[in-house]
Structures are given as structure tokens and as C-alpha cells.
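One structure below.
Each chain gets a letter, A, B and so on, in the order its sequence line appears, and its residues count up from 1. Since we're looking at a predicted model, the values are computed, not measured.
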Amino acid sequence: SQQGEEDPQALSIQEGENATMNCSYKTSINNLQWYRQNSGRGLVHLILIRSNEREKHSGRLRVTLDTSKKSSSLLITASRAADTASYFCATDAVGALGRLYFGRGTQLTVWP
Amino acid sequence: SAVISQKPSRDICQRGTSLTIQCQVDSQVTMMFWYRQQPGQSLTLIATANQGSEATYESGFVIDKFPISRPNLTFSTLTVSNMSPEDSSIYLCSVADRGVRTEAFFGQGTRLTVV
């Protein structure tokens, strides 16, 4: 399977703390994308990092990519209660023609 | 980013019946996909909806169960046929374009419950 694995499966923190989620995958990729999902609704696109990039920032989000280890991390700084959601990584594998393969996700809970 | 409208947003259906889900995009897109998210699980790709030709299905999914249409570059439908309770899931439409921007965007999903 091309699907990745994410850890932790669940993460519970206080507001203001940082949250780090990790994603590993199995095949060569064109890019890796991170998504947020609130309560089983649609997915919100957070950030895309290409295979030739090592780090990317967007607001309070920081994503790293290590293609030699086939892993990525998502860091949310200064978390807020509104960040409570499920977070998924998805890989766009080489030759997959845009099809995405998702990790199992991390359920993040931020307590006020 | 593309605006994706999915209908219906939710439905409760009797087993043995079929439901057609619609996905409308506000701009022409190269690629459209359908995903399934079973309760408490991650997303699994069902198929790529190809404009003007038969969809390309992933392993474990077949056309007889999940017929897909894509008559143009802005619209697609997914039908869940002969439903059973195991088909209860969220079904999501996704779009992407090849080119400078390659992000994939998702509709709000259709929450299907089969009773």
C-alpha cells in the first residue's frame, strides 16, 4: 500500500502549546499535502510541500519533508481550541497521476 | 482554490436502493476523484473520474457498484448501487489541476447512512 502512517493517532494539548504530527510513507512522491477535517466534514487544504522542498511555512504551520526517510512533520505553533480537528497527510506518488493516498490521521484536541 | 459543491450533503437510504451524488466545480479542472471515508477511518480513493470516458477504479472498487460519470470538466456523479449498511460512509469529491498549482481540493462530502 502507498498509504502512509501517522503518529500519534491522538494528541491532546493545552492552548498555547505546540502540536507536532508525523507522517511516513512508502513510495517516491511528487508532493505531500496536509489537510484538516473538522467533525467528519470536508477536508480543508493546509499546505503542499514538493519533493524538492525541505521546509515550508504558512502562518502558524510549519511542514518539513525528509525524502530520504520518507517522512514529513506538521507543526502547529501556539495552538488554539479552534485547531481541534483531525489532521491527515496525503501523498501524490510518482506515476499516480494526481491520486492521493492518505495516512490514518491524527486527532488533535486543544483544551482551552 | 476551486469551489466544489456536493449534493446531497447527507442522506439516509434503505438497503438495496441506489444514491447518486453530484459534484459541481466552479471552474474547469483537469482531474476529479471520488473518495470514501468509512466511520472513524481515513480516506480511500474509489476512482478517477475521466472526462468523456470510463472511470479508472482502484483495487477493491468496481463499476457495477460505484458507477461514475463525468460528462464535462466541471461536473461528475458517483452512484452507490444496491446499498448495504457497510456502504455507510462519507463520500468526497476532489479536484486537482496539473500545472503550477497541484493542490487537491475537496467538497464538503456526502454523509450516507444505509438502514
Side-chain angles (χ1 to χ4, degrees), chain A residues 1-10 21 23-27 29-53 56 58 61 63 65 85-108, chain B residues 1-10 21 23 25 29-51 53 55-61 88-113:
Chain A
S1 167
Q2 296 180 3
Q3 289 186 340
E5 295 293 326
E6 292 180 65
D7 74 272
Q9 289 192 47
M21 289 160 269
C23 167
S24 62
Y25 57 92
K26 298 178 181 178
T27 63
I29 61 172
N30 294 311
N31 61 64
L32 185 147
Q33 303 181 51
W34 284 90
Y35 291 87
R36 183 184 74 226
Q37 185 180 42
N38 292 83
S39 301
R41 295 181 60 83
L43 270 68
V44 174
H45 188 275
L46 295 177
I47 200 164
L48 178 151
I49 186 165
R50 291 185 168 78
S51 60
N52 60 354
E53 297 175 316
K56 207 161 183 181
S58 177
L61 306 180
V63 168
L65 179 65
S86 294
Y87 291 82
F88 296 92
C89 69
T91 54
D92 179 352
V94 173
L97 303 177
R99 293 169 292 173
L100 295 182
Y101 297 93
F102 283 78
R104 61 187 175 188
T106 295
Q107 172 61 50
L108 173 65
Chain B
S1 64
V3 176
I4 304 165
S5 300
Q6 225 180 290
K7 294 180 182 178
S9 59
R10 59 178 62 227
I21 302 167
C23 178
V25 190
V29 291
T30 309
M31 295 174 287
M32 295 182 78
F33 306 94
W34 287 96
Y35 291 81
R36 180 177 74 181
Q37 186 178 28
Q38 295 176 299
Q41 302 296 312
S42 185
L43 280 77
T44 301
L45 179 64
I46 297 173
T48 302
N50 300 310
Q51 192 262 327
S53 64
T56 304
Y57 290 85
E58 298 295 300
S59 175
F61 297 95
S88 297
S89 297
I90 298 173
Y91 292 85
L92 297 111
C93 169
S94 173
V95 303
D97 259 332
R98 280 305 181 199
V100 176
R101 292 181 62 84
T102 55
E103 293 92 339
F105 298 99
F106 285 78
Q108 283 298 302
T110 296
R111 184 182 291 272
L112 171 62
T113 303

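Using a distance-only test at 3.5 Å, with no hydrogens or angles considered, no donor-acceptor pair links the side chain of B/S42 to the main chain of A/G105.
Counting heavy atoms from C-beta outward, B/L43 and A/Y101 have side chains that stay 4.5 Å or more apart. Between A/Q37 and B/Q37 the shortest side-chain heavy-atom distance falls below 4.5 Å. Side-chain atoms of B/L92 and A/L43, non-hydrogen and from C-beta on, do get closer than 4.5 Å to each other. Side-chain contact between B/Q41 and A/F102 is absent, with no heavy-atom pair separated by less than 4.5 Å.
Smallest separation of non-hydrogen atoms from A/R99 and B/F33: CG-CE2, 3.6 Å.
Among the candidates B/C93, B/A104, B/G107, the residue making the largest number of heavy-atom pairs closer than 4.5 Å to chain A is B/A104.
Every residue two or more places apart in sequence or in another chain that forms a side chain to side chain donor-acceptor pair (under 3.5 Å) with A/R36 is listed here: A/N38. In this structure B/S94 satisfies the side chain to side chain donor-acceptor pair (under 3.5 Å) test with no other residue, sequence neighbours excluded.
The part of B/E58 that comes within reach of chain A is its side chain, from C-beta onward, which places non-hydrogen atoms under 4.5 angstrom from that chain.
The aromatic rings of B/F106 and A/Y35 sit perpendicular to each other, their planes meeting at more than 60°, with 30° as the lower class boundary.
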